[in-house]
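Being a predicted model, the structure only gives us computed values, none of them experimental. Numbering of residues begins at 1 and proceeds along the displayed sequence.
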Amino acid sequence: MRRPASVNVRLCILFAMLSLLGCATPVAPVVHSEAVGRPVSVYVARRKWHIDVGFAAADLDPSLQPVKGEFASAKYLFFGFGDRRYLLTKSKTAPLLLRALWPGPALLLVTAIKDPPDFAFGSSQVVRLELNADQTRALQSFIRASMPDSPLKPLAAGPYPDSAYYPALQAYSALHTCNTWAAEALRAGGQRVRARGVIFAGQLWQQLTRLRHQLQGGLVPS
């Protein structure tokens with residue numbers, strides 16, 4: 001039995017509409033996330049046997065604003081870890097150096113600079129990595145958690161112009177050195193570096209150099 005032409009037309013239209021619905025790709029809603037913002041640079045600077053982690057002052061988390069306030073004219077702030085007994089003693093004797101190998105109180109050294117890090121430390125002594133907002137927040141939260149809740153005030157003047165020592169909560173030892181702390185900070189920020197067993201600057205620096213070559217200036221995956 002033949003269908004009326006009008007019925008065939010309606011069936012064709014219905015089939016075409018269903019086909020379009022089946023092939024259409026739904027448009028995903030736009031999600032505005034802080035993690036999808038501009039990348040933030042973290043600068044890792046090597047000072048011979050010691051490694052610091054730094055940011056542009058404008059990129060510091062609000063929790064670190066009291067530190068930024070101590071260095072109002074700074075363009076960049078760098079954070080490093082060290083043994084309190086050794087750093088606060090003017091006479092750096094061999095027995096004191098040996099004492100630093102045993103677990104003891106530590107300090108964070110904050111150094112403010114006005115020039116770009118490549119100029120201040122030398123381009124061969126700086127590795128720049130790009131972090132997203134979540135990674136930046138996590139790394140800076142690690143730094144802030146390394147310091148007492150309050151008051152966030154310098155304990156003593158640092159060894160460089162525009163530098164200061166702050167109390168640190170972690171202990172310093174032969175197995176948890178300034179370079180171990182720097183590696184832990186970078187791992188907290190989602191960077192693919194190993195912290196366990198890192199004692200010397202060269203151990204971390206090799207990882208960072210390899211990572212920089214792999215990324216070639218791109219975003220570091222979490």
Side-chain angles (χ1 to χ4, degrees), residues 41-57 59-61 63-64 66-68 70-71 74-89 92 96-97 100-101 103-122 124-129 131 136 138-148 152-189 191 193 195 198-209:
S41 295
V42 55
Y43 301 91
V44 189
R46 183 174 183 177
R47 299 180 177 182
K48 297 182 179 179
W49 50 269
H50 177 81
I51 288 182
D52 283 358
V53 178
F55 295 88
D59 291 330
L60 284 182
D61 187 83
S63 65
L64 291 171
V67 177
K68 179 182 176 182
E70 295 288 336
F71 308 96
K75 297 292 183 63
Y76 302 89
L77 286 175
F78 280 78
F79 300 83
F81 185 76
D83 180 77
R84 182 183 301 193
R85 295 163 298 187
Y86 181 78
L87 292 174
L88 292 186
T89 302
K92 304 294 192 291
L96 183 63
L97 183 59
L101 301 179
L107 292 171
L108 283 187
L109 171 62
V110 179
T111 305
I113 61 175
K114 297 179 181 179
D115 296 314
D118 285 358
F119 181 83
F121 299 104
S124 64
Q125 303 303 305
V126 175
V127 170
R128 181 177 65 87
L129 300 172
L131 280 63
T136 302
L139 197 163
Q140 294 190 15
S141 293
F142 174 90
I143 294 174
R144 180 63 185 89
S146 297
M147 309 163 85
L152 196 54
K153 290 290 186 181
L155 184 65
Y160 314 110
D162 293 325
S163 69
Y165 289 123
Y166 284 78
L169 295 179
Q170 299 102 319
Y172 184 96
S173 73
L175 299 179
H176 190 262
T177 68
C178 51
N179 305 305
T180 317
W181 180 89
E184 291 172 345
L186 292 170
R187 278 189 61 84
Q191 309 312 292
V193 297
V198 171
I199 298 173
F200 303 107
Q203 293 175 288
L204 179 54
W205 201 250
Q206 288 179 354
Q207 296 185 69
L208 290 169
T209 303

#### Entry: Residue pairs fulfilling salt bridge (charged side-chain N to carboxylate O under 4.0 Å, His left out) with at least one residue in residues 179-189, sequence neighbours excluded
none
## Note on the structure
Heavy-atom nearest pair, W205 first then S124, reads CZ2-O, 3.7 Å
### Query
Could you give the distance from CG (L77) to CG (L60), rounded to the nearest 0.5 Å?
5.5 Å
### Query
Between R85 and G104, what is the shortest heavy-atom contact and its length?
NH2-CA, 3.7 Å
### Query
When rounded to the nearest 0.5 angstrom, what is the spacing between CD in Q191 and CG in L208?
9.0 Å
### Positive for side-chain contact (heavy atoms from CB on, under 4.5 Å) with Q125, one of R46, K48, R47
R46
### Query
Looking only at atom types and distance, does a side-chain atom of T111 sit under 3.5 Å from a main-chain N or O of S163, one as donor and one as acceptor?
no
### Task
Could you tell me which non-hydrogen atom of T180 sits nearest to which non-hydrogen atom of L175, and how far apart they are?
OG1-O, 3.8 Å
### Point-to-point distance, once rounded to the nearest 0.5 Å, from CG of L186 to CG of L139
5.5 Å
### Task
Find the distance between CE (M147) and CG (L107) and round it off to the nearest 0.5 Å.
10.0 Å
#### Entry: Near-ring test F121/F78, centroid separation under 6.0 angstrom
yes
### Query
Is there a donor-acceptor contact under 3.5 Å from the side chain of H176 to the main chain of A171?
yes
#### Entry: D162 CG to E70 CD distance, which is reported to the nearest 0.5 Å
11.5 Å
### Query
Among all residues two or more places apart in sequence or in another chain, which pass the ring-ring contact (aromatic ring centres under 6.0 Å, His included) test with Y166?
none
### Summary
Heavy-atom nearest pair, L169 first then A145, reads CD1-O, 3.4 Å
### Query
Going from OH on Y165 to CG on L108, what distance comes out if it is rounded to the nearest 0.5 angstrom?
11.5 Å
### Query
Between N179 and W49, is there a donor-acceptor pair closer than 3.5 Å when you use the side chain of the first and the backbone of the second?
yes
### Heavy-atom closest pair, residues L155 and P167
CB-CD, 4.0 Å
#### Entry: Minimum-distance pair of heavy atoms, taken over all atoms of A57 and A74
CB-O, 3.6 Å
